[in-house]
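The shown structure was predicted, so the numbers you read here are calculated from the model rather than taken from an experiment.
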Amino acid sequence: PCLKSKAIIAAYGLKEEEGKWIEFVADRHFNDQRYYISVQKLEDLGWSPKVTFADGIKKTIDWYKKNEKHWAEEDIAGALVPHPRRPLDLH
């Protein structure tokens, strides 16, 4: 479990602190049961990845570090909430 999360934490050089950065939350009953991802159709068409997941994460992190001006001023805290909810407007 959490292999992708652990890979991202390791790419940041924080492997010894992974317990600090991973929080397990309850599944969302209607959404989380339906996530099934397969690359089989793409592979049937001849596609294959050119970059490993670990290398892709490292390149992504490097890009964000080098291009902080593109995102640093935005409030991204809401994107980090495991189950974001929008308030209902009843008026």
| request: Please check if Val39 and Phe53 belong to a single hydrophobic cluster, counting links between Ile, Leu, Val, Met, Phe, Trp and Tyr side chain heavy atoms closer than 4.5 Å. | output: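 They do not share one cluster, since no chain of ILVMFWY contacts under 4.5 Å joins Val39 to Phe53.
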
| said: I need the minimum non-hydrogen distance between Val51 and Gly56, along with the two atoms involved. | reply: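 Closest approach of Val51 to Gly56: CG1-N, 3.4 Å.
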
| task | Measure the shortest side-chain to side-chain distance between Glu17 and Ile9 over non-hydrogen atoms and say whether it is less than 4.5 angstrom. | result |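 The answer is no; the side chains never approach within 4.5 Å.
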
| Do the non-hydrogen side-chain atoms of Lys65 and Tyr12 ever get within less than 4.5 Å of each other? |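 They are in contact (side-chain heavy atoms under 4.5 Å apart), so the answer is yes.
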
Can you tell me how far apart [atom1] ([X]) and [atom2] ([Y]) are? Round to the nearest 0.5 Å.
| X | Y | atom1 | atom2 | value |
| --- | --- | --- | --- | --- |
| Ile61 | Ile8 | CD1 | CD1 | 7.0 Å |
| Ser5 | Glu23 | OG | CD | 11.5 Å |
| Leu14 | Lys6 | CG | NZ | 14.5 Å |

| message | Using a strict threshold of under 4.0 Å (side-chain N to carboxylate O), is an ion pair present between Lys59 and Asp55? | response |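 Lys59 and Asp55: not salt-bridged.
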
